[in-house]
Amino acid sequence: MVRDFAPRVLAWYDASARVLPWRIAPGSDAVPDPYRIWLAEVMLQQTTVAAVAGYFARFTECWPTVADLAAAEDADVMAAWAGLGYYARARNLLACARAVVAEHGGRFPESEAALRALPGIGDYTAASVAAIAFGRPAVVVDANIERVMARHRLIATPLPLAKREIRAALMPLVPQDRPGDFAQALMDLGATICTPRSPVCAICPLMADCRARGRPDIERLPVKPPKKAKPRRHGLAHWIVREERVWLVRRPGKGMLGGMRALPGGDWTDTRPTESGVAEVNHGFTHFDLTLKLVHRESHDAAAEGEWWPISDLDAAGLPTLYRKLIDKMLERDG
DNA sequence: CATACGTGGAA
DNA sequence: TTTCCAAGTAT
């Protein structure tokens, strides 16, 4: 049965592939654009298809080619990424586009190794671009494929240790003729049938030889390490207004919300400020929860760099969601 | 190997 | 409301 693993997966994909803006439909003779494949793959890192769609449309309209993106202003790209999260991706996106232009003549390299050496491209993205854009028989392993394989082969080793087994199990199954479709097929399968909860095994093309099929503990696969409790931190943000404009700063290039426009304010600490504010939000980050309070200030530090931004045009500032939530709350209150 | 790094939707 | 977690990468 294992011998026809890829044919079953590909036949299912031919009939059931999701239609996505960055995808070339199976059977189409269109030529994939490595720039669009790469852009989508970076946006999709730890991010849902639904969240990415609008950003992908705006980016490809503003910057149709990798050369256009490489020539863009940092501030414009960071603002366009605002709200999508994991902002190191946007910084690396620009660095990668510029490296492709400066070091590869404006064309993405085709080998997995050369792709892997570019900023923001790790094991997964290097393999997926090699397979999808260039038809290379790379072994693509993302969270969907980990789940499909851990269940099909009943791999109970906890992640991330299981990654090696999963990769070894998948490698001999990759078809030489359609590696890109194979990878996308397994990801679609994981996203729509072999889901984390309530998998729809009855319509799965792999059900005949899936070792986890029918087991009550199928939802526990793949086994993941226990999560740690998230601490809560507190911070202040300053609302400084002059002539219908608000004072915005840019956060340092590394760390939380690195490189993004923001409201000025102090460090985030583990003690709640006593000062009363005009608005407050709770915002959940990956490894801590933040309570951020908005307070009025008359002026900013004399030495501070920043810009007076029209309050009526805050949408264009490209503020991270944390600050948008806080400002929206205050404006809603004050009218 | 462990940790830092966003956000929004689903159950 | 809380918890989970989604096409991961860098350090």
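Throughout, protein chains are lettered first and strands after them, A, B, ... in sequence-line order, and every chain is numbered starting at 1.
Between A:Phe5 and A:His152, the ring planes are perpendicular. Angles over 60° get that label, and only those under 30° would be called parallel. Ring geometry for A:Trp81 versus A:Phe59: interplanar angle over 60°, hence perpendicular rather than tilted (30 to 60°).
Checked by atom type, the side-chain pair A:His234/A:Lys293 shows no donor-acceptor distance below 3.5 Å. Between the side chains of A:Glu165 and A:Thr157, a donor-acceptor pair is found at a separation under 3.5 Å. Under the 3.5 Å distance criterion, with hydrogens and angles disregarded, no donor-acceptor pair is assigned to the side chains of A:Gln45 and A:Arg89.
In this structure, the ring of A:Phe285 has its center less than 6.0 angstrom from the ring center of A:His283.
Electrostatic pairing of A:Asp142 and A:Arg147 does not count as a salt bridge here, judged by no charged N lying under 4.0 Å from a carboxylate O. Contact check on A:Arg232 versus A:Asp270 returns no salt bridge, with no Lys/Arg side-chain nitrogen under 4.0 Å from an Asp/Glu carboxylate oxygen.
Atom-to-atom, CE of A:Met256 to P of B:dC5 comes out at 6 Å; the value is rounded to the nearest Å. Between A:Leu84 atom CG and B:dC5 atom P there is a gap of 18 Å when expressed in whole angstrom units. Spacing between atom CG of A:Asn282 and atom C1' of B:dG8 amounts to 16 Å, rounded to whole angstrom units.
Of the residues near DNA chain B, A:Arg89 and A:Ala50, the one whose nearest nucleotide (by heavy atom distance) lies more toward the 5' end is A:Arg89.
At a non-hydrogen distance threshold of 4.0 Å, nothing from residues 157-166 of chain A comes into contact with DNA chain C.
Side-chain N/O atoms of A:His283 include none lying less than 4.0 angstrom from OP1 or OP2 on B:dG6.
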Per-nucleotide pairing state of DNA chain B [Watson-Crick or G-U, under 3.5 Å; [ ] pseudoknot-crossing; | other strand]: .||||.|||||
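Using a 4.0 Å heavy-atom cutoff across all strands shown, A:Gly284 reaches at least one base atom of the nucleic acid. Nucleic acid contact class of A:Met43 (heavy atoms, under 4.0 Å, all strands): none. As judged by a 4.0 angstrom heavy-atom cut-off over every strand, A:Ser128 is placed among residues making no nucleic acid contact.
Comparing the P positions of B:dG8 and C:dT9 gives an interatomic distance of 22 Å, to the nearest angstrom. Taking atom P in both B:dA11 and C:dA7, one finds a spacing of 15 Å when rounded to whole Å.
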Nucleotides 4-11 of chain C: protein proximity per nucleotide (B base, S sugar-phosphate only, - neither; heavy atom, under 4.0 Å): SSBBBSS-
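The main-chain N or O of A:Gly122 is never found under 3.5 Å from a side-chain atom of A:Thr125 such that the two would form a donor-acceptor pair.
Note that the CG atom of A:Leu189 and the CG atom of A:Asn144 stand 9.0 Å from one another [nearest 0.5 Å].
A cation-pi contact, defined as under 6.0 Å to the ring centre and within 45° of the axis, links A:Arg251 to A:Trp268.
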